[in-house]
Amino acid sequence: MSNIDFKRFIGRLCAMSEEGALDPARFDWPDAIDPDAWYFTPELISLYGTPAWDALDVAARKRLSFCEAVNFFSMNVHGEKYLIGELSRQMYADDDQELSRYLLHFVAEETRHMMYFTGFCRRYAGRVYPDRTLPLATGSDPEIERFLLFARINVFEEIVDHYNRTMACDERLAPVVREINRIHHVEELRHLAFGRRFLAECIERHVNDWDEARRDELRAHLTAYLEFAWQQYYNPATYEHAGIADAFGAWRAVVRSPAALRHRATVSRKRLGFLAKLELLEAA
């Protein structure tokens, strides 16, 4: 892959961002939510397939689906706040003006996404769940740190997009959440394309100077981050607000339950195979 080809690719992404910008101010918010509707695809709800799920009636499952939507959107708010801050530091960090131009679009799109997510959470739940992430250690090598930043972004966004894509097409769900997921999916496709291309280009550029020890270090970092990212989908506060009596017990049981482990492995294998091919994650 030549540097000229990569710059042309970045230029095409910029053009697509400029032509397809969406305005959150024009979003049609319903006055109230329907308590009888689904707000999260049942098969994607964190407790699905566990004894705690089996114990719930349909009305309780729908309440849980609403709380899961609030947790999912809150998780995205915090993920994108982190992403915006980190990407802003990358802008104009070197002489690559075309990359900086695209990062401006990237940040603008993520800022708009936060408006959709916080709009839903504040209007209908009166809350955004607190950030449960931890600060990540930074190293002294700017090139490695930039690579790991975009690799972490890719991991996070690939998993999120699996949920977005599924829920955007799920006609069981309330129209407002289908539309938020659809909008996010459409714009994230550009971010995912950029991330995959950037990481592949970086690996190719460093094929001779990143030895096996370095690759082991990168692989360990991303494998740990993947497990960390998945943990955000299981929130005891979600279960408490849904009315589950032993919320903490449900959380403790579900994280390592066979159903949850199968789900995480299936989604990771489906969406993160690209990183496995680059030998940046263990193949699931």
Side-chain angles (χ1 to χ4, degrees), residues 29 32-85 110 113-136 152 155-157 159-160 162-164 166-167 170 173-174 176-177 180-181 184 224-261 263-264 267:
W29 294 102
I33 60 168
D34 178 1
D36 294 324
W38 289 98
Y39 290 87
F40 213 78
T41 292
E43 295 79 11
L44 295 180
I45 290 175
S46 60
L47 293 182
Y48 183 82
T50 70
W53 173 262
D54 294 337
L56 301 176
D57 61 20
V58 173
R61 290 175 178 181
K62 288 182 176 179
R63 278 198 307 275
L64 177 59
S65 81
F66 171 76
C67 295
E68 290 265 319
V70 175
N71 183 62
F72 180 64
F73 291 157
S74 298
M75 183 185 72
N76 275 272
V77 168
H78 299 306
E80 292 183 349
K81 280 199 303 185
Y82 163 77
L83 186 155
I84 288 167
E110 298 294 13
H113 298 165
M114 288 177 62
M115 295 175 69
Y116 293 110
F117 297 140
T118 57
F120 181 90
C121 294
R122 293 293 187 193
R123 280 176 172 85
Y124 308 125
R127 68 171 66 89
V128 173
Y129 282 119
D131 187 0
R132 296 187 297 129
T133 60
L134 298 171
L136 295 165
R152 290 191 298 264
V155 167
F156 182 81
E157 292 192 333
I159 296 173
V160 165
H162 175 81
Y163 283 71
N164 290 151
T166 301
M167 290 194 281
D170 189 343
L173 304 189
V176 62
V177 291
I180 291 172
N181 279 286
H184 198 224
Y225 177 77
L226 172 61
E227 179 66 19
F228 167 77
W230 269 122
Q231 298 310 307
Q232 308 312 305
Y233 286 79
Y234 307 89
N235 187 348
T238 299
Y239 309 145
E240 180 182 2
H241 292 140
I244 294 174
D246 184 8
F248 184 78
W251 170 78
R252 188 170 52 189
V254 70
V255 172
R256 305 306 299 178
S257 69
L261 291 172
H263 172 71
R264 297 200 296 269
V267 176

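Atoms considered below: every heavy atom in the structure, side chains included; atoms not considered: hydrogens, waters and symmetry mates.
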Handout entry: Heavy-atom pair with the smallest gap, counting every atom of Thr41 and Leu173
Key = N-CD2, 3.7 Å
Exercise for the section: Side-chain contact test, heavy atoms from C-beta onward, threshold under 4.5 Å: evaluate it for Val177 versus Phe73 and give yes or no. Expected result: yes
Handout entry: Derivation of the side-chain contact (heavy atoms from CB on, under 4.5 Å) call for Leu44 and Met167
Key = CA-CA 9 Å; Leu44 295 180; Met167 290 194 281; 4.2 Å; yes
Exercise for the section: Let me see the working for Phe40 and Lys62 under side-chain contact (heavy atoms from CB on, under 4.5 Å), right down to the final yes or no. Expected result: CA-CA 8 Å; Phe40 213 78; Lys62 288 182 176 179; over 6 Å; no
Exercise for the section: Can you measure from CZ (Phe72) to NE2 (His184) and round to the nearest 0.5 angstrom? Expected result: 7.5 Å
Fill in the blank from the handout: Rounded to the nearest 0.5 angstrom, the OG1-OH distance for Thr166 and Tyr163 is 9.0 Å
Exercise for the section: Evaluate the side-chain proximity of Arg132 to Asn235: yes if any heavy-atom separation is below 4.5 Å, no if none is. Expected result: yes
Exercise for the section: Kindly indicate whether the side chain of Lys81, heavy atoms from C-beta on, has any atom under 4.5 Å from the side chain of Asp131. Expected result: no
Problem - Separation of Glu240 CD from Asp246 CG (nearest 0.5 Å) - result: 11.0 Å
Handout entry: Distance, nearest 0.5 Å, that separates CG of Asp36 from CZ of Arg63
Key = 11.0 Å
Handout entry: Parallel, tilted or perpendicular: rings of Phe120 and Phe66 (30°, 60°)
Key = tilted
Practice task
Please assess Asp170 against Asn181 for the test side-chain contact (heavy atoms from CB on, under 4.5 Å), listing each intermediate value before the final yes or no.
Solution key: CA-CA 10 Å; Asp170 189 343; Asn181 279 286; over 6 Å; no
Exercise for the section: May I have the step-by-step check of side-chain contact (heavy atoms from CB on, under 4.5 Å) for Tyr233 and Arg264, ending in yes or no? Expected result: CA-CA 10 Å; Tyr233 286 79; Arg264 297 200 296 269; over 6 Å; no
Exercise for the section: With the side chain counted from C-beta on, respond yes when Thr238 and Val70 share a heavy-atom pair under 4.5 Å apart, and no when they do not. Expected result: no
Handout entry: Aromatic ring proximity, centroids under 6.0 angstrom, Tyr129 and His241
Key = yes
Handout entry: Minimum heavy-atom distance between Ala250 and Leu47, given as atom pair plus value
Key = O-CD2, 4.3 Å
Problem - Sub-4.5 Å side-chain heavy-atom contact between Glu68 and Tyr239 - result: yes
Problem - Tyr39 backbone acceptor or donor facing Ser65 side chain under 3.5 Å - result: yes
Practice task
Output the distance between atom CE (Met75) and atom CZ (Phe156), rounded to the nearest 0.5 Å.
Solution key: 5.0 Å
Practice task
Answer yes or no: is there a side-chain heavy-atom contact under 4.5 Å between Tyr116 and Asn76?
Solution key: no
Problem - Between Trp53 and Tyr48, ring centroids under 6.0 Å - result: yes
Exercise for the section: Search all heavy atoms of Ser74 against all heavy atoms of Cys121 and return the closest pair with its distance. Expected result: OG-SG, 3.8 Å
Practice task
Measure from the side-chain N and O atoms of Asn71 to the backbone N and O of Gln232, and report whether any donor-acceptor pair falls under 3.5 Å.
Solution key: yes
Handout entry: Interatomic distance, Arg61 atom CZ to Leu64 atom CG [nearest 0.5 angstrom]
Key = 10.0 Å
